[in-house]
S.K.: 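Sending over a structure as structure tokens; questions will come in a sec.
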Amino acid sequence: MVSLLPDITGSFSTPAGGNPTGAMVEAAYAHHGLDVRYVNCDVAPERLADAVAGARAMGWIGFNCSLPHKVAVIDLIDGLNRSAELIGAVNCVVLTEGRMLGHNTDGQGFLGSLRTVADPAGQHVLLLGAGGAARAIAVELALAGAAHVTVANRSVDKAVQVAALVADHTATTSDVLAWDGRLTPPAGTTVVVNATSLGLPGSGDVPFDVGPDAGHLVVCDVIPNPPDTDFLQRARAAGATTLEGRGMLIDQAAVNIALWTGVDPDRSVMGSALDEAIGGWEHP
Ligand code: NDP
């Protein structure tokens, strides 16, 4: 039931025009009869402080921060939960009694999606990439009990930082691989995650091969569109179980809704809204 004074949530990012999260979130609000709205706002970096103050003044119950605001927002809010503090970036803020608490739901979304095919606990993970998405995924995998994370990245210094973050703050062990040619999984790997931006249309191939015996591997991509990337198709052809980045995108939005409203939303309703919003995931 929608009232004349709904609770407000939304997103601050720029550019914001291609952000499909609002379609998923509003579909979930409608499906569950929640008296909440979601407003997708294009906010320039120099206006982020005004936007956050506005959300506080208007009594919003929460908001997402997407690129380029995920780090800058930290100085504008009142505290961070443990994983956001470790990751050093916030994509979801929850307002409770005027206090703003920052979360990072990117990695939690990945975990929720991974759990549909495998338990993260005890896994030996090869993580491709060391940017923001990789950092969030590494921290959440470690907090969920992964046994070991190998971080492979083109820029080795960034891989070292992510591996140290895991080893210094969690019980998960880690190491680093310099990624300067075609890579195959180290012995003992059980899960591979492409957390680079490679695989986006026009961005080039992911220089990785699962190897001849991939039947025991779970191979995941963070690229949500196209959902069935070339990276995943090659892994599946070699016998691996594959997981699309689309699930991570849906699940992180579902975690946001749960944080703001206390309702665990129906992912299939959100997935249908996502597909409709972006025209069946076809690229022009
Ligand atoms: P960053 O820019 O922080 O990191 C990009 C990563 O990709 C780095 O590790 C970078 O390596 C690597 N990379 C980029 N180009 C190349 C290349 N030519 N060769 C080798 N490595 C390369 O981006 P994010 O971490 O924020 O995002 C990564 C991807 O994750 C994006 O595609 C984004 O859309 C996706 N994503 C998906 C989400 C979902 O819900 N499904 C949520 C968040 C992100 P280097 O350090 O050497 O530059």
Side-chain angles (χ1 to χ4, degrees), residues 11 13-16 18-25 64-73 83-84 87-92 103-114 116 126-141 149-163 165 176-183 192-208 219-232 242-257 267 270-271 274-275 277-278 281 283:
S11 175
S13 69
T14 190
N19 185 348
T21 297
M24 286 191 280
V25 173
N64 288 128
C65 268
S66 196
L67 297 176
H69 304 318
K70 291 184 181 184
V71 175
V73 75
S83 63
I87 295 162
V90 162
N91 76 327
C92 178
H103 298 253
N104 191 308
T105 60
D106 283 334
Q108 290 175 47
F110 173 78
L111 270 195
S113 182
L114 178 64
T116 64
L126 171 61
L127 182 61
L128 306 175
R135 205 174 160 87
I137 289 169
V139 166
E140 295 296 350
L141 280 169
V149 177
T150 297
V151 186
N153 198 46
R154 176 180 60 177
S155 311
V156 182
D157 55 329
K158 285 204 226 162
V160 169
Q161 285 173 24
V162 175
L165 183 66
V176 166
L177 277 178
W179 192 9
D180 51 12
R182 286 201 86 78
L183 194 67
V192 180
V193 185
N194 174 36
T196 71
S197 40
L198 292 171
L200 287 171
S203 68
D205 169 45
V206 185
F208 172 81
V219 177
C220 319
D221 209 334
V222 298
I223 304 290
N225 185 16
D228 194 21
T229 57
D230 180 61
F231 171 79
L232 292 180
T242 56
L243 185 69
E244 298 175 349
R246 177 180 178 277
M248 173 181 175
L249 186 64
I250 295 167
D251 212 81
Q252 61 85 22
V255 175
N256 300 337
I257 291 170
R267 271 73 167 166
M270 298 173 69
L274 176 64
D275 292 342
I278 54 170
W281 289 106
H283 268 285

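As the structure is a prediction and not an experimental result, all values here were calculated from the model. Just follow the structure's listing: the first ligand is 1, and inside any ligand the first atom is 1.
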S.K.: For ligand 1, give me the residues whose heavy-atom distance to it is below 4.0 Å, by chain and number please.
M.R.: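 Contacting ligand 1 under 4.0 Å are Asp106, Gly129, Ala130, Gly131, Gly132, Ala133, Asn153, Arg154, Ser155, Lys158, Ala195, Thr196, Ser197, Leu198, Leu200, Val222, Ile223, Gly245, Met248, Leu249.
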S.K.: Distance alone, cut at 3.5 Å: any donor-acceptor contact between the side chains of Asn64 and Ser66?
M.R.: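 No, no side-chain donor-acceptor contact under 3.5 Å.
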S.K.: Using side chain to side chain donor-acceptor pair (under 3.5 Å) as the criterion, list what pairs up with Asp180, not counting sequence neighbours.
M.R.: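 Side chain to side chain donor-acceptor pair (under 3.5 Å) check on Asp180 returns nothing, list empty.
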S.K.: Could I get the full list of side chain to side chain donor-acceptor pair (under 3.5 Å) partners for Glu140, not counting sequence neighbours?
M.R.: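 Glu140: side chain to side chain donor-acceptor pair (under 3.5 Å) contacts with Ser83.
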S.K.: Whether Arg182 and Asp205 form a salt bridge (side-chain N of Lys/Arg under 4.0 Å from carboxylate O of Asp/Glu) is what I want to check.
M.R.: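 Looking at Asp205 and Arg182, the cut-off is met.
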S.K.: Suppose we screen for ring pair (Phe, Tyr, Trp, His ring centres under 6.0 Å). Which residues come up paired with Phe231, at least two apart in sequence or across chains?
M.R.: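 Checked Phe231 against ring pair (Phe, Tyr, Trp, His ring centres under 6.0 Å); matches are Phe208.
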S.K.: Output yes when a side-chain donor or acceptor of Ser113 lies under 3.5 Å from a complementary backbone atom of Phe110, and no otherwise.
M.R.: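 Side chain of Ser113 to backbone of Phe110: no pair is present.
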